[in-house]
Amino acid sequence: MQLQLDEKLKIRIPGVTFGMVTINGVTVRESDALLWKQIEMLCQHRAREFSLDRLSENEQIAAVRGLQKSFGFDPTRYRPSSESLLRRVLKGQGLYQINTAVDVNNLCSLEFLLPMCSYDLRHVEGQIRVRIGEAGEEYPGIGRQVFQAENKVIIADDSSIMGSTVSDSERTKVSTETTDILLAIYAPANMDPHIIERYATLAGQRMVEFNGGQACDISALTVKI
C-alpha cells in the first residue's frame, strides 16, 4: 500500500517527507514484557536528555513544530504526537500501554522524535492520500474530541479521514484484531529522506519482531517546492 500526495501540498507546505512501511500478517497482542522494558529504558534516557522548559532549543523538535504549523495546527495547542509522548515522559507520566503494535509505533516515535501513525488496512477503502481537508470535514480521533479538518493536512482514503499528525481516527485504529498495518512517519524538509527510509525500515523490523508478519513496500516520499 502506497500514499498519493496531493499536488496542492506543494503550495501549502515548505517541504515534508513521508516514510512508509506495510506490515502484513501480524498478530497484535495486548502487551509484551520485553517491548515494554525497551520503552521504559527509552523513557529514562529521554528524561535525562531533555527538559520541558528547553524543548524549543532542540533543532528537530522546532522543525517538527514548524511542520505542524504548516499543516494547519497550532503546535502549542495541538502538539505533534511525538512531542506529546515526550512531554508525558518529562512530566513523569510515562506512556500509555495500548497493544503491541501501537506500543511499537510509540517507541519508534519517541526514539525518532517524529510524528508517526499506524492504520488498520482492513478498514481502509481504496486509495490513501495526503491532502488538505475540505470545508466541513471532521473526524473522531482515538479517545479524543472530534477534529475539524478544514484546511488541515490530513491522511484520508476514498471513504473518509484516517488521521493527522495530532491523532489517528477511531475508524482505522490498530487493535488486537488487526492483521495488516500501514505505518507512516512525518518528517520536516531539513531531514535526509534516506534517514527517514531507514527509520521506516527499523519501524517495520520492530513491528515484525513483536507482532510477527512481514514488512514490505518500504519507501520515503518527499514534497518540496
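Residue numbers run from 1 in the order of the sequence given.
For Glu30, the CD atom sits in a loose shell: 12 or fewer heavy atoms of surrounding residues, nucleotides or ligands are nearer than 6.0 Å. In the displayed structure, Glu209 atom CD is contacted under 6.0 Å by more than 12 heavy atoms of other residues, nucleotides or ligands.
To the nearest 0.5 Å, the span separating OH on Tyr139 from CD1 on Ile155 amounts to 9.5 Å. Once rounded to the nearest 0.5 Å, the distance linking CD of Gln97 with OG1 of Thr100 reads 10.0 Å. For the atom pair Leu183 CG and Tyr199 OH, the distance stands at 14.0 Å (nearest 0.5 Å). Atoms CG and CG, on Asn106 and Asp103 in that order, are 6.5 Å from each other to the nearest 0.5 Å. Atom CG of Asn24 is separated from atom CG of Leu121 by 7.0 Å, given to the nearest 0.5 angstrom. Taken to the nearest 0.5 Å, the CG atom of Leu110 stands 5.5 Å off from the SG atom of Cys43.
For the residue pair Ser81/Ser84, the side-chain donor-acceptor check at 3.5 Å is not satisfied. A donor and an acceptor atom, one from each side chain of Ser82 and Ser109, are nowhere located under 3.5 Å apart. Of the N and O atoms on the side chains of Tyr78 and Ser167, not one donor lies less than 3.5 Å from an acceptor on the other residue.
Nearest heavy atom pair, residue Ser51 against residue Leu90, reads C-CD1, 3.9 Å. A pairwise comparison of heavy atoms in Ala101 and Met207 identifies O-CE, 3.1 Å as the closest pair. The shortest heavy-atom contact between Ala156 and Ile154 is CB-CD1, 3.8 Å. Leu95 and Trp36 make their closest contact through O-CH2, 3.4 Å (heavy atoms, listed as atom of the first residue, atom of the second, distance). Between Ile161 and Ala149, the closest heavy-atom pair is CD1-CB, 3.4 Å. The shortest heavy-atom contact between Ala62 and Ser56 is CB-O, 3.9 Å.
A heavy-atom distance below 4.5 Å is not found between the side chains of Glu138 and Lys152. Looking at heavy atoms from C-beta onward, Leu221 lies out of side-chain contact with Thr17 at the 4.5 angstrom threshold. At least one side-chain heavy atom of Pro188 sits less than 4.5 Å from a side-chain heavy atom of Val64. The closest side-chain heavy-atom distance from Asp168 to Lys173 is not below 4.5 Å. Two residues are said to be in side-chain contact when any heavy atoms from C-beta on lie closer than 4.5 Å; Phe71 and Val166 fail this criterion. Using a 4.5 Å heavy-atom threshold, the side chains of Thr27 and Asn211 count as separate. Taking 4.5 Å as the limit, every side-chain heavy atom of Thr22 sits out of range of all side-chain heavy atoms of Asp180. Counting heavy atoms from C-beta outward, Asp217 and Val21 have side chains that stay 4.5 Å or more apart.
Screening Arg129, Arg131, Arg171 against Asp157 for a salt bridge (Lys or Arg N to Asp or Glu O under 4.0 Å) leaves a single residue, Arg171.
Side chain of Arg29 to backbone of Phe210: a donor-acceptor contact under 3.5 angstrom is found. Panel note: side chain Asn58, backbone Ile61; a donor-acceptor pair is recorded below 3.5 Å. Side-chain atoms of Arg46 do not come within 3.5 Å of backbone N or O of Val89 as any donor-acceptor pair. Judged by distance alone, with hydrogens and angles left aside, the side-chain atoms of Arg65 form no donor-acceptor pair with the main-chain N or O of Pro80 at under 3.5 Å. Put simply, the side chain of Gln68 never gets that close to the backbone of Asp74: no donor and acceptor are under 3.5 Å apart. A donor-acceptor pair is defined here as one N or O able to donate and one able to accept, closer than 3.5 Å; no such pair exists between the side chain of Asn151 and the backbone of Glu134. Remark: the backbone N or O of Glu197 is paired with a side-chain donor or acceptor of Thr201 at under 3.5 angstrom. Using a distance-only test at 3.5 Å, with no hydrogens or angles considered, a donor-acceptor pair links the side chain of Ser175 to the main chain of Glu177. A donor-acceptor pair is defined here as one N or O able to donate and one able to accept, closer than 3.5 Å; no such pair exists between the side chain of Thr176 and the backbone of Val28. Panel note: side chain Glu49, backbone Gln44; no donor-acceptor pair is recorded below 3.5 Å.
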Report the C-alpha separation of Val130 and Asp6 in whole Å, then their side-chain angles, then the decisive distance to 0.1 Å, and conclude whether the side-chain contact (heavy atoms from CB on, under 4.5 Å) test is met.
CA-CA 6 Å; Val130 181; Asp6 193 315; over 6 Å; no
Worked verdict on Glu111 versus Met116 for side-chain contact (heavy atoms from CB on, under 4.5 Å)
CA-CA 11 Å; Glu111 179 178 340; Met116 293 176 54; over 6 Å; no
Derivation of the side-chain contact (heavy atoms from CB on, under 4.5 Å) call for Leu114 and Met191
CA-CA 11 Å; Leu114 294 172; Met191 295 193 68; 3.7 Å; yes
Would Val26 and Ile23 count as a side-chain contact (heavy atoms from CB on, under 4.5 Å) here? Give the steps.
CA-CA 7 Å; Val26 300; Ile23 309 95; 3.3 Å; yes
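Comment: Arg122 engages Asp120 in a salt bridge, judged by a side-chain N to carboxylate O separation of less than 4.0 angstrom. In this structure, Glu57 pairs ionically with Arg54, as a charged nitrogen and a carboxylate oxygen lie closer than 4.0 Å.
Below 30°, between 30° and 60°, or above 60°: for Tyr186 and Phe18 the angle between ring planes is above 60°, a perpendicular geometry.
Cation-pi geometry between Arg88 and Tyr96 is satisfied (NZ or CZ under 6.0 Å from the ring centre, within 45° of the ring normal).
Under a hydrophobic clustering in which Ile, Leu, Val, Met, Phe, Trp and Tyr are joined whenever their side-chain heavy atoms come within less than 4.5 Å, directly or via other members, Leu107 and Met41 fall into different clusters.
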